[in-house]
A.B. asks: 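This structure is in structure tokens; I'll ask about it shortly.
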Amino acid sequence: MNSPGSFYLPAASSTMAPEVDALLQFIVVASSILFAIVVFGSFYFAVRYRRRKGSTFTDGKDHNVRLEIVWTVIPSILAFIVFFWGFNSYLKMNIAPANAIEVKTTAQKWFWQFTYANGAGSTNELVVPVGVPVKLLMSSKDVIHSFYVPNFRMKMDVLPNRYSLTWFEATQTGEYDLFCTEFCGTGHSSMLGKIKVVSDTEFRDFLNAGSALGTGQAPEAFGADLYKSKACFTCHTTDGTPGTGPTFKGVFSRSEAMSDGSTQLVDENYIRESILNPQAKIVSGFQPVMPTYQGIINNTEIDALVAYLKSLNTGQ
Amino acid sequence: MNTSSESNYLNASRGWKSWLFTLDHKRIAILYFFAIMFFFFVGGVLALLIRTELLSPKQVLVGAETYNQLFTLHGAIMIFLFIIPGIPAILGNFVLPLMIGAKDVAFPRLNLASWYVYMLGSLFALYSIVTGSVDTGWTFYTPYSTTTSGSVISMTLGVFILGFSSIFTGLNFIVTIHKLRAPGMTWYKMPLFAWGAYATSVIQILATPVLGITMILLILERAFGIGIFDPAMGGDPVLYQHFFWFYSHPAVYIMILPAMGIISEVISVFSHKKIFGYKAIAFSSLGIALVSFLVWGHHMFTSGQSELAAMIFSFLTFLVGIPSGIKMFNWMATMYKGSVSLESPMLYAMSFLFLFGIGGFTGIMLGALSVDVHLHDTYFVVAHFHYVMMGGTVMGFLAGLHYWWPKMWGRMYNEAWARITAVIIFIGFNLTFFTQFILGTKGMPRRYYTYMDQYQPLHAFSSVGSYIIGLGFTIMAVYLIHSLFRGKAAVKNPWGALTLEWTTSSPPVEHNFELQPVVVDGPYDYDRIRIENDQRIYKEVKMKSETETKVGL
Amino acid sequence: MTQHNPQSTNHVLPLKVYFAVGAALFVLTAITVGVSFIQFGAFNMVIALLIAAVKATLVALFFMHLFYDNKFFGAILSISLLFVAVFIILTMYDTEKRAAIYQEKGGPIQKEAVIYQEKAP
Amino acid sequence: MSNTQAAYLAHHFSDAEQQRESAKLGMWIFLVTEILLFSGLFVFYAVFRAWNPDMFINAHRFLDVRLGALNTIVLISSSLTVALAIRSLQLNDQKNAGRLLLTTILLASVFLVVKYFEYSHKIHLGLLPGKYFSFQGIEGTNPHVFFSVYFVITGLHGLHVIAGMLVISWVLLRTWQGEFSSEYYTPVENAGLYWHLVDLIWIFVFPLLYLVG
Ligand code: HEA
Ligand code: HEA
Ligand code: CUA
Ligand SMILES: [Cu+2]
């Protein structure tokens with residue numbers, strides 16, 4: 001079921017992908033033939049009947065009902081075939097098998113948040129078992145995003161205050177790109193993620209580890225993990241260059257000018273507030289675009305992040 | 001500009017007032033020509049900036065926000081300020097009354113008003129650019145557009161105002177075609193460009209008001225939160241998409257139908273053969289216009305709309321392909337056993353056939369539900385619509401511009417350079433956008449300012465292609481401007497065409513015709529009229545003065 | 001067609017016609033208000049729209065002279081109504097049928113609601 | 001061809017009949033664009049009513065049926081007076097035509113005055129759309145949406161009433177100056193068509209908002 005892909009298609013790694021490819025290729029072939037007839041036919045006539053010196057009298061044959069019928073009916077038949085084929089696969093794409101496992105997906109500027117049935121969660125990395133249908137129940141916290149995995153040939157918009165659903169069944173373990181394909185603002189093109197397709201046992205391990213994340217780790221190290229897994233890095237760098245947000249290099253106990261003119265010392269409380277209620281105080285020179293992590297990050301995780309930010313100071 | 005001593009519409013009166021207050025449809029067309037070309041130039045430069053930014057996977061020129069503004073402005077300017085008014089307002093205004101033997105359009109004052117409204121709308125758009133710009137994409141999807149900073153309101157207000165300009169033109173054309181045809185010009189003796197313009201106008205009348213109300217509701221949503229589109233206030237963003245595409249899908253046929261009309265003219269004239277399937281072509285225009293209102297949901301297959309609605313929209317989408325195909329086949333049959341000369345308008349027409357063919361068939365791929373799920377919002381869509389808009393409409397526009405240029409200005413351009421340019425643009429275009437089809441099938445999403453490394457080579461090819469297009473247009477600008485000042489004087493009928501606009505002088509006299517033309521033959525009766533091509537002499541059999549007719553009776 | 005006959009477009013209707021139509025419109029207004037106080041459930045909407053349609057037809061035919069004028073104008077009006085219908089019907093075909101496959105997809109949106117809540121597993 | 005006609009014949013028309021027919025056709029096409037402009041609002045209404053029928057019914061109780069009915073009567077009467085004004089012109093009775101047009105404008109002002117009272121009552125209660133909605137007593141989800149529909153439809157319609165009044169004032173002025181007669185009255189006819197359309201739209205708005213909610 002897994003085709004390696006070609007110069008114009010990525011590898012087909014879900015159960016639906018080969019079906020989509022088949023129709024796509026059918027249309028490519030059928031329309032190439034029709035295209036050759038019409039366009040190259042015209043070009044041939046243009047050359048074959050090019051104007052020569054002398055008389056340019058041409059005959060007056062200006063219609064032929066039989067021809068008109070032929071070139072109405074044949075394309076119509078083709079169009080019907082394509083329609084039914086496409087619709088058939090589309091229905092399959094939309095009706096999840098009953099045994100599908102459900103993953104809740106929240107999109108938010110500009111990252112993905114996944115929650116599994118047992119409460120384990122992950123950010124920007126969806127881990128799924130191979131050969132098992134996975135149903136995504138999706139909604140957004142702000143604007144419309146769209147969940148797109150080219151290898152699976154699947155895409156579904158994620159709407160605010162509304163559910164949308166889709167499903168897939170991966171046929172091959174590996175890592176696949178996840179894109180956001182609905183324009184959602186400044187960070188649209190960095191709203192990327194990965195789909196990690198693993199074996200059944202690995203998936204079970206992941207679920208178990210997921211609900212007990214961070215135990216037995218030093219807070220700084222855990223915070224560093226969170227910096228990656230909670231997508232802070234998409235906006236905050238640690239090397240001193242400002243991104244969408246201020247850099248984390250030397251952020252702790254820095255005095256920061258706010259857009260309302262006040263200054264603010266970056267301490268534990270301020271960091272906490274920045275994470276849970278980022279719109280409260282805006283660092284001057286930046287847009288108020290940082291999403292709230294309310295409900296996504298718990299207290300231990302905030303503490304870990306604070307410890308990590310502190311460590312960035314002493315590290316230098 | 002014209003050195004000959006005869007009086008024509010260009011030299012009939014002088015001074016800027018005689019232009020800014022003119023009621024002459026030909027002069028209004030010229031006013032439109034300069035305004036619209038200016039915006040095409042701006043949109044094109046923005047496109048080149050986009051392509052330069054995409055040369056490498058990381059930032060090259062501008063930041064993410066600026067990039068988002070670039071493609072929004074590129075899309076909005078190209079669509080609302082260039083391509084929708086383009087052919088109707090420039091070429092339609094200029095030749096439609098001439099073609100049907102009228103002295104002017106039905107409501108000359110409204111016609112002038114439409115130009116001023118256009119300018120006003122464009123001012124609003126420009127105002128929004130200087131006051132923070134917009135970064136929503138040309139589709140203004142909610143709730144992004146109701147929450148982003150920037151001056152969305154003045155841009156959408158501009159779009160709203162531009163709608164009126166479009167409505168005025170459409171209204172004028174419908175009435176003109178109904179009421180002002182010359183004696184003897186029956187519906188079936190009308191040139192096919194007039195049919196195309198008619199079908200276009202019908203769409204403009206029926207669809208544009210919905211764009212208007214959509215923009216009003218969007219503004220109200222943004223300003224007061226009325227709760228129709230913004231989910232935070234209880235609205236439905238997918239409903240916005242219905243509203244938007246109810247206009248914007250038919251709008252794509254506002255763009256293509258007049259271009260198809262031009263192609264029908266050019267192919268028949270340059271094949272010196274009667275157009276094949278006149279009625280089939282004429283009615284397929286109307287067919288496309290009507291069916292175009294039933295398919296808008298194909299832009300929303302993955303939006304979370306009902307699966308049943310998606311099914312209906314997909315089915316109807318395929319129906320639009322059939323009449324477009326009928327046209328293509330009839331054009332081919334017109335060339336069969338014709339006497340084809342490949343002068344520059346015809347070269348652009350051939351480009352049209354090739355590029356619109358590809359664009360159309362890829363439209364069919366997008367119309368197929370399951371395939372669209374993969375391709376939606378990838379570069380495949382970007383490539384599709386550039387193939388139909390740039391490769392279809394713009395090629396049609398260029399064909400028409402070269403075809404009627406001698407009539408508009410009374411000057412010829414340099415034919416050799418025109419042919420070279422047609423080839424350059426054709427090559428550059430395919431390089432730019434064919435690569436994007438492959439990018440799309442490989443999964444490259446659109447509106448991405450940075451991208452994954454694996455897409456770089458194709459993006460680089462595409463950018464190089466766009467520079468070649470830019471070179472082509474620069475050459476074109478040079479030879480066209482050169483022609484305005486230094487071009488050879490044009491004869492009445494340089495191409496040996498049979499439609500009425502070629503029976504008056506080049507450029508036409510102020511009131512179009514010396515005498516009221518009376519139509520005897522059909523517009524493409526090449527079988528009945530012998531044309532001595534070498535001398536390019538056209539026997540004027542069609543223009544008979546009214547007195548002559550009366551004597552004849 | 002009658003359109004080229006100036007007589008027909010200059011057709012002067014007797015006063016009677018205008019007053020009769022006006023009276024009919026008043027009466028229909030009274031009826032529709034009256035009926036709205038009776039509960040017919042969903043039929044209230046149907047009745048109200050039917051009466052409105054009758055009133056609109058009267059205005060169009062007599063006040064706007066469509067009855068006597070060029071039939072083409074009537075055609076234009078009908079076509080525009082047809083497209084309004086297309087707009088409403090196809091849009092509602094979506095908004096009403098979203099729950100066809102998944103229950104969760106259907107239904108109106110809640111104000112300020114984050115409907116994304118933890119569902120019991 | 002009479003003198004009055006010739007005076008208004010634009011150069012690009014061959015006769016007055018052609019000009020008249022063109023103007024009227026143009027007007028009808030313009031009316032089409034108006035209908036489609038309003039179509040979006042009817043979609044707005046239909047979609048949200050189908051989603052929240054109970055809320056719509058609860059909320060519409062806050063509209064005053066009596067005032068709505070009064071306005072319906074006023075608008076219908078004004079439609080009648082325009083129609084009669086045109087009839088008077090057909091009979092060359094400029095005086096009467098002027099009087100009837102004036103009545104139309106007065107009726108239109110009555111309509112606006114009534115609307116003013118309706119609006120101020122709602123503003124007073126806090127029944128404004130969107131962000132400004134502050135009323136608490138309506139059951140159902142998002143009752144402010146009903147008032148959005150209400151204000152947007154009646155607001156746009158009100159703007160059309162004002163535009164119609166301006167147009168009618170203009171033809172009234174020209175009637176007083178004796179420009180129209182049974183030979184030439186196309187502008188009045190077109191102004192009338194526009195006014196009837198404003199009436200037509202109200203005929204649907206009234207039951208949808210005031211009666212069935
Ligand atoms: C000039 C403008 C123009 C034209 C003419 C068309 C023509 C068509 N378009 Fe295109 N389209 C756009 C401009 C245009 N489009 C734009 C701007 C967008 C994107 C907007 C955005 O999102 O920003 C878009 C997007 C778009 C989509 C949505 C994609 C997505 O976002 O997922 C779809 C889907 O169905 C589509 C389909 C079609 C079809 C079926 C046609 C048909 O009309 C094509 C018909 C022609 C042919 C088919 C070729 C000739 C036919 C034959 C030789 C006969 C044989 C035919 C058959 C066998 C069927 N278009
Ligand atoms: C008519 C419509 C039209 C036209 C002609 C073009 C023309 C071009 N477009 Fe555009 N494009 C759109 C409509 C159009 N586009 C739309 C609607 C979008 C979507 C926006 C969105 O997502 O919201 C888009 C998006 C879009 C993108 C995708 C951006 C993204 O998704 O991130 C790209 C990228 O390559 C692109 C490139 C180009 C290029 C290289 C050209 C070139 O063909 C341009 C060539 C033209 C020139 C270089 C002008 C040069 C002129 C002269 C030198 C002078 C001539 C003067 C006289 C004759 C007087 N366009
Ligand atoms: Cu999220 Cu684009
Ligand atoms: Cu479309």
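Numbered from 1 within each chain, the chains take letters A, B, ... in sequence-line order. From a predicted model like this one, the values you see are computed outputs, not experimental measurements.
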A.B. asks: Below 4.5 Å from any heavy atom of chain A, which atoms of B:I275 appear? Answer side chain, backbone, both or neither.
C.D. replies: backbone

A.B. asks: Identify which of A:S6, A:S164, A:S146, A:G185 forms the greatest number of heavy-atom pairs closer than 4.5 Å to chain B.
C.D. replies: A:G185

A.B. asks: Please flag which part of B:F352 lies under 4.5 Å from any non-hydrogen atom of chain A: side chain, backbone, both or neither.
C.D. replies: neither

A.B. asks: For the atom pair CD1 (A:I81) and CD1 (A:I27), what is the distance rounded to the nearest 0.5 Å?
C.D. replies: 11.0 Å

A.B. asks: Highest number of heavy-atom pairs under 4.5 Å with chain A: which of B:P323, B:G304, B:S314?
C.D. replies: B:S314

A.B. asks: For A:D21 and A:A12, which heavy atoms make the closest approach, and how far apart are they?
C.D. replies: OD2-CB, 3.7 Å

A.B. asks: So what's closer than 4.5 Å to chain A heavy atoms on B:T148: side chain, backbone, both or neither?
C.D. replies: neither

A.B. asks: With a 4.5 angstrom heavy-atom cut-off, which part of B:T136 approaches chain A: side chain, backbone, both or neither?
C.D. replies: backbone

A.B. asks: Under 4.5 Å heavy-atom distance to chain B, tell me which part of A:F7 shows up: side chain, backbone, both or neither.
C.D. replies: both

A.B. asks: Parallel, tilted or perpendicular, judged at 30° and 60°: which one describes the rings of A:F43 and B:F354?
C.D. replies: parallel

A.B. asks: Do the ring planes of B:F301 and B:H298 sit parallel (below 30°), tilted (30 to 60°) or perpendicular (above 60°)?
C.D. replies: perpendicular

A.B. asks: Among B:L375, B:T362, B:T334, B:N330, which residue forms the greatest number of heavy-atom pairs with chain A at distances under 4.5 Å?
C.D. replies: B:N330

A.B. asks: Given heavy-atom pairs under 4.5 angstrom as the criterion, report whether the side chain, backbone, both or neither of B:T378 touches chain A.
C.D. replies: side chain

A.B. asks: At their closest point, which heavy atom of A:F286 faces which heavy atom of A:P242, and how far apart are they?
C.D. replies: CZ-CB, 4.2 Å

A.B. asks: For chain A, find which of B:R446, B:M350, B:M300 contributes the most heavy-atom pairs closer than 4.5 angstrom.
C.D. replies: B:M350

A.B. asks: Does any backbone or side-chain atom of A:L192 lie under 4.5 Å from a heavy atom of chain B? Answer side chain, backbone, both or neither.
C.D. replies: side chain

A.B. asks: As an exercise, state the distance from CZ of B:F313 to OG of B:S306, rounded to the nearest 0.5 Å.
C.D. replies: 9.5 Å

A.B. asks: Between A:Y148 and chain B, which part of the residue has a heavy atom less than 4.5 Å away: side chain, backbone, both or neither?
C.D. replies: side chain

A.B. asks: Please flag which part of A:M156 lies under 4.5 Å from any non-hydrogen atom of chain B: side chain, backbone, both or neither.
C.D. replies: both

A.B. asks: For residues B:L347 and B:L342, report the shortest heavy-atom separation together with the two atoms involved.
C.D. replies: CG-O, 3.9 Å

A.B. asks: Tell me, for B:F437 versus chain A, whether the close heavy atoms (under 4.5 Å) come from the side chain, the backbone, both or neither.
C.D. replies: neither

A.B. asks: Of the backbone (N, CA, C, O) and the side chain (C-beta and beyond), which part of A:L78 lies under 4.5 Å from a heavy atom of chain B, both, or neither?
C.D. replies: neither

A.B. asks: Determine, stepwise, if the pair B:S271 / B:M346 fulfils side chain to side chain contact (heavy atoms under 4.5 Å, CB included).
C.D. replies: CA-CA 9 Å; B:S271 306; B:M346 189 63 171; 4.0 Å; yes

A.B. asks: Given the options B:V371, B:V373, B:T139, which has more heavy-atom pairs under 4.5 Å with chain A than any of the others?
C.D. replies: B:V373

A.B. asks: Give me the ring orientation class for A:F179 and B:Y455: parallel if the planes are under 30° apart, tilted from 30 to 60°, perpendicular past 60°.
C.D. replies: tilted

A.B. asks: Report which part of A:V143 has an atom under 4.5 Å of a heavy atom belonging to chain B: side chain, backbone, both, or neither.
C.D. replies: both

A.B. asks: Does the side chain to side chain contact (heavy atoms under 4.5 Å, CB included) test come out yes or no for A:Q287 and B:S149, once each step is laid out?
C.D. replies: CA-CA 9 Å; A:Q287 299 291 315; B:S149 57; 4.0 Å; yes

A.B. asks: Name the region of A:D177, side chain, backbone, both or neither, that has any atom closer than 4.5 Å to a heavy atom of chain B.
C.D. replies: side chain

A.B. asks: Between CE of B:M328 and CD1 of A:I37, what distance do you get to the nearest 0.5 Å?
C.D. replies: 11.5 Å

A.B. asks: As a test of understanding, state which of A:W112, A:F183, A:F111 forms a side-chain contact (heavy atoms from CB on, under 4.5 Å) with A:H145.
C.D. replies: A:W112

A.B. asks: Answer with yes or no whether the side chains of B:Q305 and B:S303 bring together a donor and an acceptor at under 3.5 Å.
C.D. replies: no

A.B. asks: Any idea which of A:K155, A:H63, A:R48 has the most non-hydrogen atom pairs under 4.5 angstrom with chain B?
C.D. replies: A:K155

A.B. asks: For chain B, which candidate among A:W71, A:F80, A:F152, A:Y8 shows the most heavy-atom pairs at distances under 4.5 Å?
C.D. replies: A:W71

A.B. asks: Parallel, tilted or perpendicular: which describes the rings of B:Y449 and B:Y67, with under 30° parallel and over 60° perpendicular?
C.D. replies: tilted

A.B. asks: So for B:Q59, is it side chain, backbone, both, or neither that comes closer than 4.5 Å to the heavy atoms of chain A?
C.D. replies: neither

A.B. asks: So, taking the atom named OG in B:S284 and the one named NZ in B:K279, what distance separates them when rounded to the nearest 0.5 Å?
C.D. replies: 14.0 Å

A.B. asks: Count the heavy-atom pairs under 4.5 Å between each of B:G357, B:G338, B:G63 and chain A, then report the option with the highest count.
C.D. replies: B:G338

A.B. asks: Quick one: what part of B:M452 sits under 4.5 Å from any heavy atom of chain A, side chain, backbone, both or neither?
C.D. replies: side chain

A.B. asks: Please classify the contact of A:E182 with chain B as side chain, backbone, both or neither, using a heavy-atom distance under 4.5 Å.
C.D. replies: both

A.B. asks: Go through B:W331, B:Y141, B:Y278 and name the one with the most non-hydrogen pairs under 4.5 angstrom from chain A.
C.D. replies: B:Y141

A.B. asks: Hey, which of A:N161, A:L159, A:I144 is the one that makes side-chain contact (heavy atoms from CB on, under 4.5 Å) with B:P143?
C.D. replies: A:I144

A.B. asks: Side chain, backbone, both or neither: which part of B:D230 has a non-hydrogen atom closer than 4.5 Å to chain A?
C.D. replies: neither

A.B. asks: Using heavy-atom distances under 4.5 Å, tell me whether B:I267 contacts chain A through its side chain, its backbone, both, or neither.
C.D. replies: neither

